[in-house]
Amino acid sequence: MASGAFAEAGADLELVAIHKRFPGFTAIESLDLEIPAGSFFALLGPSGCGKTTTLRLVAGLEQPTSGRILIGGKDVTDVKPYKRPVNTVFQSYALFPHMTVIENVAFGLRRRGVPEAVAKAHEALELVELDHLAERKPQQLSGGQQQRVALARAVVNRPALLLLDEPLGALDLKLRRQMQLELKKIQHDVGLTFLHVTHDQEEAMTMADTVAVMNHGAIEQMGAPEELYELPRTAFVANFLGQSNLFAGEVVSTTGDVVVVDVAGVRIAVPKERAQRHAGAVAIGVRPEKLRLHASAPAAEAGVNALGPGRVADVSFSGVSTQYHIDIPGIGRVVVFAQNTASGPVANEGDEAWVSWRVEHGFGLVDEPSTLPRFPSDTDTASLAAQTKEELLAELGET
Amino acid sequence: MAFAAFGPAALAERATPATLRKSWVAVALLAPGLAYLALFFVTPLVSLLVTSLNQPVLYGDVGQYEPALRVENYWTAIEHYWPHFLRAFVYALIATIVALAISYPVAYFIGVTARRWPFVQALALTLVIAPFFISFLLRTLAWKQILADDTPLVQFLKSIALIPPDGHVVGTDFSVVFGLVYNFIPFMTLPIYASLERLDTRYLEAGSDLYARPATVFWKVTLPLSLPGVVSGTLLTFIPAAGDFINASDTFLGSSRTQMVGNVIEANFLVLMNYPIAAALSVLLMGVILVLVGVYIRRSGTEDLV
């Protein structure tokens with residue numbers, strides 16, 4: 001609390017049945033979340049999914065409509081923000097423009113009456129390697145430096161829980177990578193609990209121990225980054241975290257430890273423990289880099305699924321790998337990422353091609369096939385923009 | 001680096017004719033403004049300074065003066081009228097403080113609290129400006145009516161013994177300061193509103209996130225960030241209030257005991273026709289205000305405001 005003591009270690013955070021309604025819409029729909037002490041937790045989701053609202057609820061800047069928030073086992077739902085053992089690194093940094101860097105960093109310490117506030121603030125600035133700019137005003141710093149000051153201003157208070165609201169969003173790619181490593185290092189050195197909100201799936205995966213994917217105010221799936229990537233449970237996760245090839249079909253048999261699905265007349269096997277549903281119409285998928293490209297029909301082989309023939313519709317080279325788009329009649333477009341190894345098969349646009357993958361790489365989703373989003377995912381920025389434009393045009397046409 | 005070293009010099013050499021042409025254009029564009037200032041600011045100012053040193057024409061009529069260098073005019077003005085100066089600045093100071101105390105919450109409500117309701121914001125702003133649609137004199141006279149003896153309001157104040165049974169409201173220090181506050185409140189509210197309207201409330205959230213109580217957030221974040229508005233609001237109130245002669249005049253809310261320096265300037269110019277003393281008073285008033293304002297701006301650390 002605001003007693004002047006530093007937190008000894010990070011505290012765990014627990015959200016119980018949180019609902020948050022704003023006039024006209026529901027931001028968070030029954031959210032339960034538990035973050036263990038000392039972990040680096042990422043909330044990942046598209047804009048408007050409720051992740052920033054979740055963060056503001058934890059900081060105390062918003063009040064939940066119902067539900068409880070516990071930090072270190074203590075109920076803080078009705079505790080004012082200035083009494084919570086929580087600090088936030090804001091998306092906009094929100095550095096006080098009328099104070100110097102050092103005054104900004106010492107602000108929280110002074111409010112709590114911590115002795116030697118300025119000396120401790122200098123230490124925090126050293127941690128982010130900005131002590132030489134202590135007397136400057138925030139406007140005189142670059143975006144990356146401001147971000148580091150915002151981080152120092154929060155970390156210096158040793159909060160039990162540090163909240164990061166897309167703090168790297170405004171930085172360019174190279175600086176962002178550098179800051180990601182720095183953040184990770186600080187979290188490791190200081191041992192605080194970090195709750196990081198981001199829409200950047202790569203950032204979430206490289207930095208966090210645990211990632212929770214949020215959509216429409218609820219958590220779709222939560223787990224270690226590798227786990228989420230290798231075994232997405234929903235179509236949203238499959239497409240938001242990386243890309244996926246998704247297929248719909250009827251389960252025709254469940255033999256041994258595989259589920260066999262009829263996808264447009266082709267039998268595709270999926271391991272039973274990797275499939276969420278074992279009967280009826282199901283949606284299954286496979287990651288593009290798990291696919292192998294063949295110039296001729298691959299020989300039928302146990303433990304391998306094959307699709308084809310199709311036509312190569314598009315080839316885009318991206319250095320390490322090449323991305324192929326293959327149109328397979330009756331199934332649709334399939335994306336393949338092939339490593340550019342010298343021996344790999346090379347296909348040109350218009351070539352006939354087959355794809356194959358090992359059965360253990362497939363996964364089955366909980367979604368009804370009818371609700372499957374068409375590939376590519378409708379949540380990437382370009383398609384969101386296109387959708388908004390269509391809506392606007394429709395609206396204009398009406399009036 | 002070597003390139004940078006000879007860069008500006010080469011640039012300056014090449015740019016000389018262009019710079020000349022540009023400065024000529026700048027002078028041409030400035031000419032109307034300079035002419036206006038010369039005609040309507042410098043000329044009256046010089047005329048005022050000259051008048052303030054005039055001496056009466058020997059055996060001349062009342063109000064007949066001739067150019068001279070009578071610096072004694074200033075001593076006479078100070079000797080006779082220093083209480084009016086003092087009263088003017090004390091009244092103006094109290095009025096400024098009271099107006100600030102009233103205006104800041106109003107401006108905060110319009111500029112920050114009412115952001116979510118643009119209609120309320122527009123309505124409140126209109127209400128602040130609405131008194132301007134009625135003549136300054138009429139508004140002040142209206143207050144004279146309301147505060148006159150035997151009106152319900154004054155009767156009520158007497159009945160609760162807030163003022164003695166034979167007391168008055170009009171003609172007192174209170175009524176003059178009241179009139180000043182009332183008349184200058186929009187000049188205080190609008191600049192503060194303009195500052196607060198741009199206030200990024202995320203700074204306030206950051207403050208409360210960093211353990212600052214609401215009162216601390218106000219003193220450490222909100223007030224410093226709105227200081228430019230507070231400084232311009234207090235200047236826009238204090239300067240005209242110090243020179244005001246309507247509120248304090250006995251035709252309006254004042255009496256012979258509440259005369260401010262503005263009233264004695266008016267009396268010397270228009271009644272006594274003692275132009276040199278009136279001019280000397282005006283120059284003194286201007287000088288004192290300039291010094292006070294200069295010190296104030298320096299102290300508040302907002303030189304970039306002016």
Side-chain angles (χ1 to χ4, degrees), chain A residues 1-6 22-23 52 55-56 58-62 79-100 103-114 117 121 137-138 146 149-150 152-159 161-165, chain B residues 100 104 107-108 111-121 191-234 296-306:
Chain A
M1 301 307 219
S3 60
F6 281 141
F22 289 106
T52 296
L55 205 73
R56 292 174 60 82
V58 176
L61 302 172
E62 303 276 359
V79 175
K80 297 268 179 245
Y82 54 89
K83 286 188 176 163
R84 293 194 188 193
V86 166
N87 286 114
T88 311
V89 181
F90 292 92
Q91 184 169 17
S92 61
Y93 314 144
L95 297 175
F96 304 125
H98 58 294
M99 297 181 194
T100 60
E103 285 169 342
N104 263 285
V105 178
F107 189 89
L109 297 174
R110 284 191 174 142
R111 298 289 83 74
R112 295 195 303 165
V114 174
K137 287 282 179 74
Q146 288 184 26
V149 174
R153 187 176 72 167
V155 169
V156 74
N157 300 295
R158 295 292 154 97
L161 183 61
L162 186 71
L163 307 176
L164 300 136
D165 185 6
Chain B
L100 178 63
Y104 201 99
Y108 191 91
V112 181
T113 318
R115 273 183 204 179
R116 282 165 286 168
W117 315 291
F119 177 75
V120 174
Q121 211 175 12
I192 299 177
Y193 159 76
S195 259
L196 285 172
E197 192 258 329
R198 285 186 312 239
L199 177 76
D200 191 338
T201 50
R202 287 179 296 188
Y203 295 132
L204 312 187
E205 290 187 341
S208 78
D209 186 69
L210 290 164
Y211 314 106
R213 292 164 176 281
T216 319
V217 171
F218 176 78
W219 288 111
K220 296 281 176 188
V221 184
T222 312
L223 189 63
L225 287 177
S226 59
L227 203 58
V230 172
V231 171
S232 28
T234 45
Y296 175 61
I297 290 177
R298 204 157 256 273
R299 282 292 301 270
S300 58
T302 46
E303 282 100 333
D304 46 329
L305 185 84
V306 277

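Letters A, B, ... are given to chains in the order of the sequence lines, protein chains preceding strands, and every chain is numbered from 1. As the structure is a prediction and not an experimental result, all values here were calculated from the model. These values consider heavy atoms only, across backbone and side chains, with no hydrogens, waters or symmetry-generated copies.
Take Tyr104(B) and apply the ring-ring contact (aromatic ring centres under 6.0 Å, His included) test, not counting sequence neighbours, and it matches Phe218(B). Take Tyr108(B) and apply the ring-ring contact (aromatic ring centres under 6.0 Å, His included) test, not counting sequence neighbours, and it matches no residue. The side-chain contact (heavy atoms from CB on, under 4.5 Å) test applied to Glu103(A) returns Met99(A), Thr100(A), Arg110(A), not counting sequence neighbours.
Using modelled atom types, one side-chain atom of His98(A) and one backbone atom of Lys220(B) make a donor-acceptor pair closer than 3.5 Å. In terms of modelled atom types and a separation under 3.5 Å, the side chain of Asp209(B) and the main chain of Tyr82(A) share no donor-acceptor contact.
Using a 4.5 Å cut-off between heavy atoms, Leu95(A) contacts chain B through its backbone alone, with no side-chain atom that close. Only the side chain of Thr216(B) has a heavy atom closer than 4.5 Å to any heavy atom of chain A.
Tyr211(B) does not carry Arg111(A) over the face of its six-membered ring by the limits of under 6.0 Å from the centre and within 45° of the normal.
Listed in order of number, the residues of residues 191-200 of chain B that approach chain A to under 4.5 Å between heavy atoms amount to none.
Two residues are said to be in side-chain contact when any heavy atoms from C-beta on lie closer than 4.5 Å; Phe96(A) and Pro224(B) fail this criterion. At a threshold of 4.5 Å between non-hydrogen side-chain atoms, the residues Glu205(B) and Arg56(A) count as touching.
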### Query
Can Arg213(B) and Lys83(A) be said to form a side-chain contact (heavy atoms from CB on, under 4.5 Å), step by step?
CA-CA 9 Å; Arg213(B) 292 164 176 281; Lys83(A) 286 188 176 163; 3.8 Å; yes
### Task
For the pair Phe107(A) and Val221(B), evaluate side-chain contact (heavy atoms from CB on, under 4.5 Å) and give the outcome as yes or no after the intermediate values.
CA-CA 11 Å; Phe107(A) 189 89; Val221(B) 184; 4.2 Å; yes
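The shortest heavy-atom contact between Arg202(B) and Ala94(A) is O-CB, 3.9 Å.
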